[in-house]
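Here the structure is laid out as C-alpha cells; the discussion comes afterwards.
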Amino acid sequence: MTELAQPGADYSIVETEEPEVLSRNLFAAGQLLAGATAFFFLSFLFAYFYLRSLNNAGLWKPKHVDASVTWGTIVMACIVASAMLLRFGRIDHAAGRREAFRLKALVALLLGLAALVLQVLAWHEASFGPTDGGFASVYFGWTAFLFLFVFCTLFWLETVLATSWRYRNDPMGAAVVAPGHASGDPSRTAHDIRNPVELNRASLGALSFYWTFLAGIAVLTWIVLYLI
Amino acid sequence: MSVARRLVGFNLFTACVLGVGGWYAGWFSAHAVVGPSLDYFADVDFNELSLVLGYIGGVLGFLIGLGFFNYPLARLRGYPPSLREKEQGGIGRYFSLCTDHKVVGIQYLVGIGLFFFIGGLNAMLIRTELLRPDHQVWPAGTYLTIVGIHGTMMMGMMTSGILGPFANYLIPILIGARRMAFPRIEALTFWLLMAAGVILETTIFFGGFPTGWTGYQPLGTEANPGIDCYYLFFALVGISMTLLGLNMIATIVTMRAPGLTWSRLPIFVWGVLSTAALMVLAAPVLIATLSMALMDRVVQTNFFVAAQGGSAYLYENLFWVFGHPEVYVLALPGFAIVLEILPVFARKPLWGYRLAVGGLLGVTLLSFFVWQHHLFFSGINADLRPFFMLSTELISIPTGLTFLCGMMTLWRGQIRYSVPMLFCLAWFFNFLIGGLSGVFLSDTPSDTTTHGSFFSMAHFHYTIMGGLVFTFFAGIYYWVPKMTGFQLNERLGKIHFWTMFVFFNLTFFPLFIAGFQGGMPRRVVTYPHGLQFLNDWVSVSAFLLGGSMLLFLYNFVKSLVFDRIPSPADPWGSKSIEWQLPSPVPVQNFDRIPVFSSDPYGYGEGGRPVVVPAGAPAGMN
C-alpha cells in the first residue's frame, strides 16, 4: 500500500546535518523576529503619536495621569544591563570559558526577572488605570506587551543556561545524547547531527542578538512613555 | 491496538478534551479569581473577560493536548535542541503534532479545505437571503454575522491557502533540503489556524458580530461578545502567519542546496519568499491592532473610543496597514503558481525570469504604501489622496510585469490544455477583470460612486477568488499526484474547471452592474426591487458555482480513496526537482543533498532534468 509521505529512507546513507545549519537558521530567525517585533511595537508608537496629536475630548493625558520616570528608568536599566551582560557572556562562551558564561547568563536572567517584577510594581503604583484616556491606554498596552516579549525571551535564556549547566562536564557531548535525538526518530542507530549539544551555541548567538534588540525597544519605550 | 489505547497520548482527541477543559478553566478563573481581585475590573463586563480568558485557556489546552509544550519543558530542564518530534507512523501522524513538512502540507490542504467549504456554505446562505429584495430568511443581525463569518473565514484562512499546503510541502524539496528550518513552528502554524477556525465558528453562540471581515470601530467596541471571537480568530491567524512567514524565509535563505543560486530559484519559491516577507512585517500590525481592540473591550482601555481620548479612525488606519499587504499575501502565491506551471504546459522556458522576480518584489514593496486608498472617503486629509491614488496605480506596473511574463511564456508555446493549465489560463482572464476594475477603485473620483458597493465586492472576488482560488485548484491538480501518489480524474477535473469558470463569471460579473448602476451597497440585507432579477441570476449562478465545488470534492474523494490509480513519476513532463523524486516523497526527501546546475525551466533544451543530484535521491536507487 502506498502511504502518504511514506517512511522509506535508508538511514545508513542519509548525510548527517551540521550544527552550522541550525546556527544559520537561528541567526536568520532572530533577525526576522526582530523585524516582526519592530512592526508590532511600531503600531503602538503610531497609536501614541496619533492619539497624542488628536487629543480627542482633551483626554489624551488628563492631569493626574503621569507615568513614574523612576520606575520606568529602573525597569529599562535592568533590561539593558541584562542584555549587555548576556553579550559579554556570549564572548565567554565562544572562548570556551563556560563557567564565566553561566555566571553572567544567570545574573542576566535574574536582572530580566527583576525587570518584570518591577514592571508589575510600577503598574501597581501608577496613579492611573487603563481607563484614563489615550496615554493611559497606550502606556498599559505597550508595557504589557513588552512584559510578554521579555518574559518569552527570558524563557529562551533559561533553556540555553539549563542546557549549558546539564552538560557542564561534557560540553562537546554528542556521546551523551541518544542517537536520533535531533531528528526525533527512535529507529536511528547513528547521530543525525554531528553534535546536538553544540546547537546550544547557535541558540545563544540568536538569543543574544534578539535580547539586545528587545533592550533597544525597552529604551524606546522609556523615551516615548516616560521622557517626552 | 485498541481504540482506547490509540486515543491516549498527545493527539487531536486529547487536544480537544484539554481544549474544552482549558476553556472552562479560563472562564472559571475570570469569574471566580481574576474579576473580584482587581479593582479596575469593577466596570468590566465579567462575561466578556471570562469569554476571552476562556478562549485563551482553550487554545493553551488544545496545544498542550497536541504535545506542543513537551519540547519547551524539556528544554527548560536543559535537554539539548532537537529538530523534530518523535513521530508515530501511519494515519495517526495526520491527527497529531508532526514535524514532517510533507505531513504538515497535507494537514493544511485538508484543514484549510474544510474551512474553505464552510466559508463557501456561508456564501450560499448569503445568496439565499438575497433571492428576494425585502423578504428576510434571517434577521438582519444574523445576515450580517453570516456575511462576517464568510468574509473573515475566507480572508483569514486563505492567507495560508497556498503557502500552507503547497509551500510547506514543496519548498524544502524545491530547494534541495530535507526539512523546514523550524519544523515544530511549522506544525504550530497549522494547529493555531485550526484552533482559530473553530473559535470563529463559535461566535454564533455569543451573538455573532456585525462588522464584516474588517471589524471596524466603533461598531466593534459596541458589538456583542461574539466580536471577541472575531478578534481572537484574526489574532491567532496573525500569529500563525508571522511564524509561517518567518519559517519560510529562514528556510529559503539558509537551506538552499549547493548550486541553487538566487537566479536559479524556481519562481514559485520567489513568490513564497515575497509573500512570507509581507507576512512577517504586516501580520504583527494586525496582532497589535486586534490586541488593542480586545483591551478596549476587556480592560476598558480607550484606544478606539473617541469620547475617552481614543480614535476609531486609528483602528481603520492600523487595520489597513495590515489589510492591504494581506491582499497581496493572497494574490502573490497565485502569481507564483501560474508562473511555475505555465512553462511546463507551454513547453517553453519562463519568459523574463528576472522581470517576473522584479514584479513580485515590486508588488511586495509597494503594497505597504497604498493602505489609505481604503479610506478615501472615511475622512483622511484630502491632500493625501493624490499620493495614495498614485501609489495604488503604481502597483499595477509590477503586477503587469508578472502578467506580461506569463503571457509571453504562452507566446508560441506548445500548449497542453491539461486541468492545471486550464485553471492558470482562467487566472489571466479573471485577474485582468479584477485588475481593471481595481483602477476605478484606486481613482479617487470614480471611487466616490463605487466604494462600499457591490462593485468593490465584485472587484475583490475577481482578484481573490479569480486570482487565488483558481490557482489554488491549479496547484491541487498539479501537485496532488506528487503529494499522494495517485492521479486525479482528468475528465472530472475538466468538468469541474468549466463549471467553476463559467458560473464564477456568471456570479460575479453582474455584481459590477448591481454596484455601479444600481448602487447596491454591501452588507445590507435589502435592496431595490429593480435589482431582483440581477440578484436572482447571481444567486442561481452562485448555487451552481457551489455545485462545481461539490464536483471537485467528488473527484477528490473518488480518485484518492476509491480509484487510487498510481500516478506516473512525472505525469506532466516537468523538469523541476520534485518530479524526480518518487510519489509520494519519502520522509527524508533525499539521501544525499542534490547539487543544482541550472534553473528548472530548460524546456526545448534537451529532454532530461537540469538538476543533477550528487547522489541518488531516496527511493531511486
Side-chain angles (χ1 to χ4, degrees), chain A residues 2-10 13-15 21-22 24-25 28-29 32-33 35-37 39-40 42-44 46-47 50-51 54-57 59-60 129-131 133-134 136-138 140-141 145 155 158-159 162-163 165-167 177 181-186 193 196-197 199-200 203, chain B residues 40 43 72 75-87 89 99-100 102-103 106 181-182 242 246 249-250 253-255 280-282 284-285 287-289 291-292 295 299-303 306-311 314 317-318 483-485 566 584-588 591-593 618-619:
Chain A
T2 309
E3 201 178 355
L4 301 177
Q6 59 184 0
D10 177 355
I13 55 169
V14 172
E15 292 169 345
V21 176
L22 190 71
R24 289 200 304 267
N25 288 345
L32 291 164
L33 196 58
T37 306
F39 270 69
F40 182 88
L42 270 176
S43 307
F44 282 94
F46 184 85
Y50 195 88
L51 296 181
L54 281 180
N55 193 17
N56 271 340
L59 285 173
W60 158 247
T131 59
S137 302
V138 176
F140 278 97
F145 278 102
F155 182 95
E158 198 282 341
T159 63
T163 306
W165 175 256
R166 179 177 278 271
Y167 295 95
V177 176
H181 172 86
S183 70
D185 189 335
I193 282 190
V197 174
L199 298 179
N200 211 36
S203 193
Chain B
Y40 67 77
D43 296 331
R75 294 282 287 124
L76 206 58
R77 287 181 287 136
Y79 289 99
S82 70
L83 303 175
R84 295 167 74 152
E85 287 293 313
K86 286 186 169 47
E87 290 160 7
T99 45
D100 183 341
K102 297 175 289 297
V103 172
I106 292 170
F182 303 102
T242 308
L246 185 150
I249 297 176
V253 169
T254 64
M255 297 185 73
V280 168
L281 298 181
V285 178
I287 302 166
T289 309
S291 303
M292 291 177 200
M295 284 190 286
V299 295
Q300 303 218 323
T301 52
N302 297 300
F303 285 100
Q308 298 295 329
S311 167
L314 171 64
N317 270 295
L318 287 173
M483 295 164 87
T484 64
V585 180
V587 166
Q588 295 284 346
D591 288 351
R592 299 189 184 90
I593 299 300

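It should be emphasised that the depicted structure is a prediction, and the values quoted were computed from it without experimental measurement. First the proteins, then the strands, lettered A, B, ... as listed; each starts at 1.
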I need the minimum non-hydrogen distance between B:Q300 and A:T131, along with the two atoms involved. O-CG2, 3.2 Å
Under the side chain to side chain contact (heavy atoms under 4.5 Å, CB included) test, which residues partner B:L281, sequence neighbours left out? A:F39, B:F368
Nearest atoms (heavy-atom pairs only) where B:P80 meets A:T163: CA-CG2, 3.9 Å
How would you list, by chain and number, every residue that makes a side chain to side chain contact (heavy atoms under 4.5 Å, CB included) with B:L76, sequence neighbours excluded? A:F155, A:E158, A:T159, B:L73
A:F44 portion near chain B, given a 4.5 angstrom heavy-atom threshold: both
Among A:N55, A:V138, A:L51, A:L54, the residue with the most heavy-atom pairs under 4.5 Å to chain B is A:L51
Is B:V285 in contact with chain A via its backbone, its side chain, both, or neither, using a 4.5 Å heavy-atom distance? both
To check you understand the geometry: which heavy-atom pair defines the closest contact between B:A306 and A:A57, and what is its length? O-CB, 4.1 Å
Can you tell me which portion of B:P72 sits under 4.5 Å from chain A's heavy atoms? Options are side chain, backbone, both or neither. both
Taking B:S291, B:A288, B:G78 one by one, which has the highest count of heavy-atom pairs under 4.5 Å against chain A? B:G78
Under 4.5 Å from a heavy atom of chain A, the part of B:A307 involved: backbone
Between atom CG of B:N317 and atom CZ of A:F46, what is the distance when rounded to the nearest 0.5 Å? 4.5 Å
Largest heavy-atom contact set with chain B, pairs under 4.5 Å, which of A:S203, A:A136, A:A29: A:A29
With respect to chain B, which residue among A:L33, A:L32, A:L42, A:T37 yields the maximal number of heavy-atom pairs within a distance under 4.5 Å? A:L32
Considering only heavy atoms from C-beta outward, does the side chain of B:M292 approach that of A:S43 to under 4.5 Å? yes
Measure distances from B:T242 to the heavy atoms of chain A and classify the residue's part below 4.5 Å as side chain, backbone, both or neither. side chain
Of all the heavy-atom pairs spanning A:Y50 and B:S311, show the shortest one and how long it is. CE2-OG, 3.7 Å
Is it the case that the side chain of B:N302 and the backbone of A:G134 share a donor-acceptor pair, with hydrogens and angles ignored and the cut-off at 3.5 Å? no
Between A:R166 and B:R77 (side chain of the first, backbone of the second, donor and acceptor by atom type, cut-off under 3.5 Å), is there such a pair? yes
